[in-house]
Protein chains: 2
Amino acid sequence: MSDQNQHTIHALKVSCSNCSLRELCLPIGLNRDEMTQLDAVIRQSRRLKRGEYLFRSGEGFKSLFAVRTGFFKTSVASQDGREQVTGFLMSGELMGLDGISSNVHGCDAIALEDSEVCELPFNRMESLGRDIPSLQHHFFRLMSREIVRDQNVMLLLGNMKAEERLAAFLLNLSQRLSTRGFAANDFILRMSREEIGSFLGLKLETVSRTLSKFQQQGWLSVDHKHIQLIKADALKDLIAGCTHANGV
Amino acid sequence: MSDQNQHTIHALKVSCSNCSLRELCLPIGLNRDEMTQLDAVIRQSRRLKRGEYLFRSGEGFKSLFAVRTGFFKTSVASQDGREQVTGFLMSGELMGLDGISSNVHGCDAIALEDSEVCELPFNRMESLGRDIPSLQHHFFRLMSREIVRDQNVMLLLGNMKAEERLAAFLLNLSQRLSTRGFAANDFILRMSREEIGSFLGLKLETVSRTLSKFQQQGWLSVDHKHIQLIKADALKDLIAGCTHANGV
DNA sequence: AAAGAAGCTTGACCCTTGTCAAAGCGGAAT
DNA sequence: ATTCCGCTTTGACAAGGGTCAAGCTTCTTT
């Protein structure tokens, strides 16, 4: 449980070679032995090309997947073909949690760019959790975090106007990118206007118009998928009132 | 902790006396010994009057709560006071899962009628899960089910029109009530139009108008909070296309 | 290099839903 | 029983966002 694993920069890198999990998705204090056990369970990573499905709604559920590199969307489809994007995922984030309840995946997961994932066979993670309490606890926390995230999306979809939704979306993206060491104010959107709209409960035209409006006000610059935040504070002001009362 | 009060005929009752959990919320195969352990962990139930808070957003998280009798809503509030109802809960359903991630409750839970809950101290459930694999697994499934539920709400909020939302809401309520042995087509709404609207991302006037519209079409009758479904199939047709492609 | 497809932007118009207001009703408290 | 307050219904109007359509850019494919 002690951190004998932080010797040099090197050690960190080495211990993370299998998967970026250790850094982002499972940042828990494990001792060397426990790490070894975990390594034994985490399957080699799988590469996906842009547009490829990682799994589809209705398929049997066996594993969770952690994004190692790249970018994914998850979505649920209705019978008449409407799509609801339920999330965009970047490195360290976990997909497939919704499959546990019924042993069947509840959404599609699609790579939005060439990507790499780690596969976590759920049965084995579950039993490993019994041996490593902190791992078990971490899994509960991960699932809980997903529930919190979903509740915030409900707040967004239920209460916010188009401008507020888009501002919240951009700021969220910016924050997550900067956490991962990317520029917070200059990034490339990996998804289309339509996918953004689906996530935000808006039509693609509204997304486009609202981006243009933000640009006209000098709050950001839009060049197709290239976004530069210029006055992030103006965006923050926009959503100041309508975000969760107890911060993140 | 066990209620040694009821015997024999009530054998079933006995095993369920502590809490309705066993029937609805933890319907897993446990042997006698494991049941005893579980009983030792489940705290005596707590009674709440209508309008009373079970917990509030921001409070420290220690326990999950299972509804034993009564009816609850959970909601998140934004800084400027907008409320988003994130769920309505009836017997056997679990509240507080969103608190695990940060050890702080992420929503308010409020009794909509006089109610009774069981308290499940999370730490102890967690460690009990390590001894009883099926219990651990069940907890993962419960959390996953919550995620699935939230995704369906996103689909509702992101894609459906007012009529579709309300139809989906009523049918969901009907289905859950009938699961619990209540009439599927004749029930009392425990929540106000405003709370329904908050949950569905609509204003209370829209809820009211839409209910009136359904009544005019002969699909149901509305007498204040008393709803009678007359043509549930018409409601089902309404949402046929826009529900999740893979059933429940 | 050319051509097609896909994605994006913008405008015009309309529909659904929100907003504001008034009045009715019922339940809770005195 | 009475009164008051909160909830609900309904109408009129406004507006935000959806729909349809046209034209444009960029990327892909051949």
Side-chain angles (χ1 to χ4, degrees), chain A residues 49-51 73 80-85 110 112-114 156-170 188-217 220-227 238 242, chain B residues 49-52 73 80-85 110 112-114 156-170 188-217 220-227 238-239 242:
Chain A
K49 279 188 246 166
R50 182 161 176 257
K73 71 169 177 182
D80 60 359
R82 296 185 235 181
E83 179 191 40
Q84 173 71 34
V85 172
I110 302 165
L112 294 183
E113 59 180 12
D114 294 356
L156 180 145
L157 291 173
N159 274 308
M160 292 166 63
K161 294 195 186 302
E163 290 189 8
E164 296 169 337
R165 294 183 196 191
L166 199 58
F169 170 74
L170 292 171
I188 305 293
L189 296 175
R190 254 59 222 216
M191 71 297 281
S192 69
R193 302 288 191 265
E194 186 167 20
E195 287 162 334
I196 297 173
S198 170
F199 181 60
L200 298 178
L202 302 170
K203 294 295 165 184
L204 69 94
E205 293 94 331
T206 304
V207 174
S208 180
R209 270 187 256 271
T210 307
L211 280 176
S212 298
K213 197 182 295 180
F214 285 168
Q215 185 170 32
Q216 277 169 13
Q217 294 183 277
L220 49 73
S221 90
V222 187
D223 178 29
H224 304 100
K225 309 226 162 184
H226 182 196
I227 303 286
L238 199 55
C242 52
Chain B
K49 279 187 247 167
R50 182 163 176 257
E52 207 175 330
K73 71 169 176 182
D80 59 359
R82 296 184 237 182
E83 179 191 41
Q84 173 71 33
V85 171
I110 301 165
L112 294 183
E113 61 180 11
D114 293 357
L156 180 145
L157 292 173
N159 275 309
M160 293 166 62
K161 294 194 186 301
E163 290 190 6
E164 297 168 337
R165 294 184 196 190
L166 200 57
F169 170 73
L170 292 171
I188 306 293
L189 296 176
R190 254 61 221 215
M191 70 297 281
S192 69
R193 303 287 191 264
E194 186 168 18
E195 287 163 335
I196 297 173
S198 170
F199 182 59
L200 298 178
L202 301 170
K203 293 295 163 185
L204 68 95
E205 293 94 333
T206 305
V207 174
S208 179
R209 270 188 256 271
T210 307
L211 280 175
S212 298
K213 197 182 296 179
F214 286 168
Q215 185 169 29
Q216 277 169 11
Q217 293 183 278
L220 47 73
S221 89
V222 187
D223 177 29
H224 304 102
K225 309 226 162 184
H226 181 195
I227 303 285
L238 199 56
I239 62 165
C242 51

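Values below: every heavy atom of this structure, side chains too, minus hydrogens, waters and symmetry copies. These numbers were taken from a predicted model, which means no experiment stands behind them. Chain letters run A, B, ... following the sequence lines, proteins first and then strands; every chain starts at 1.
Summarising the geometry, the separation between CG on B/Asp223 and C1' on D/dC7 is reported as 13 Å, rounded to the nearest angstrom. As rounded to whole Å, 7 Å separates atom P of D/dT9 from atom CG of B/Leu211. If you measure from atom CE of B/Met191 to atom C1' of D/dC7, you get 15 Å, rounded to the nearest angstrom. One interatomic measurement links the two molecules: CD of A/Glu163 to P of D/dA15, which rounds to 15 Å at whole-angstrom precision. Following rounding to the nearest Å, A/Arg82 (CZ) and D/dT19 (C1') show an atom-to-atom distance of 15 Å. Computed from coordinates, the A/Leu157 CG to D/dG17 C1' distance equals 15 Å when rounded to whole Å.
A donor-acceptor contact shorter than 3.5 Å links the side chain of A/Asp114 to the backbone of A/Arg50. Not a single donor-acceptor pair under 3.5 Å links the side chain of A/Ser208 to the backbone N or O of A/Leu204. Side-chain N or O atoms of B/Arg165 include one that pairs as donor or acceptor with a backbone N or O of B/Met160 at under 3.5 Å.
Heavy atoms only, all atoms of each residue included: B/Ile110 and B/Gly51 are closest at CG2-O, 3.8 Å. The two atoms that bring A/Gly201 and A/Leu157 nearest to each other are N-CD2, 3.7 Å, heavy atoms only. Looking at every heavy atom in both residues, A/His224 comes nearest to A/Arg193 through O-NH2, 2.7 Å. Here the closest non-hydrogen pair linking B/Leu238 and B/Glu163 is CD2-O, 3.7 Å. Nearest heavy atoms, B/Glu83 versus A/Asn159: O-ND2, 3.4 Å.
Taking A/Lys161 as the reference, A/Glu164 meet the side chain to side chain contact (heavy atoms under 4.5 Å, CB included) condition, with sequence neighbours excluded.
Rounding to the nearest 0.5 Å places OG1 of B/Thr206 at 9.5 Å from NZ of B/Lys213. Once rounded to the nearest 0.5 Å, the distance linking CZ of A/Arg209 with CG of A/Leu202 reads 11.5 Å. For the atom pair CG (B/Leu166) and CZ (B/Phe199), the distance works out to 11.5 Å, reported to the nearest 0.5 Å.
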- Evaluation steps, side chain to side chain contact (heavy atoms under 4.5 Å, CB included), between A/Gln215 and A/Leu220: CA-CA 5 Å; A/Gln215 185 170 32; A/Leu220 49 73; 4.3 Å; yes
- Task: For the pair A/Val222 and A/Ile227, evaluate side chain to side chain contact (heavy atoms under 4.5 Å, CB included) and give the outcome as yes or no after the intermediate values.
- Result: CA-CA 5 Å; A/Val222 187; A/Ile227 303 286; 4.1 Å; yes
- Evaluate the side chain to side chain contact (heavy atoms under 4.5 Å, CB included) criterion for residues B/Val85 and B/Met191: first the C-alpha distance (whole Å), next the side-chain angles of each, then the deciding distance (0.1 Å), finally the verdict. CA-CA 11 Å; B/Val85 171; B/Met191 70 297 281; over 6 Å; no
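First and last contacting nucleotides of DNA chain C toward chain B (any atom under 4.0 angstrom from a heavy atom, 5' to 3' order): C/dT17 to C/dG26.
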Expected rows: protein N/O vs nucleotides 22-25 of chain D N/O, under 3.5 Å:
none

Write out a two-atom table: protein N or O, nucleotide N or O from nucleotides 10-12 of chain D, distance below 3.5 Å.
unit_1	atom_1	unit_2	atom_2	d
D/dT10	OP2	B/Ser212	OG	2.6
D/dG11	N7	B/Arg209	NH1	2.9
D/dG11	O6	B/Arg209	NH2	3.4
D/dA12	N6	B/Arg209	NH2	3.4

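Contact check of residues 192-202 of chain A against DNA chain D (heavy atom, cut-off under 4.0 Å) returns A/Gly201, A/Leu202.
Using five terminal pairs a side, the axes of the helix from C/dA1-D/dT30 to C/dT30-D/dA1 at its two ends make an angle of 50°, given in steps of 10 degrees.
Around CD of B/Glu194, the count of heavy atoms belonging to other residues, nucleotides or ligands within 6.0 Å does not exceed 12.
When heavy atoms are screened at a 4.0 angstrom cut-off, A/Lys213 is found touching no nucleic acid atom at all.
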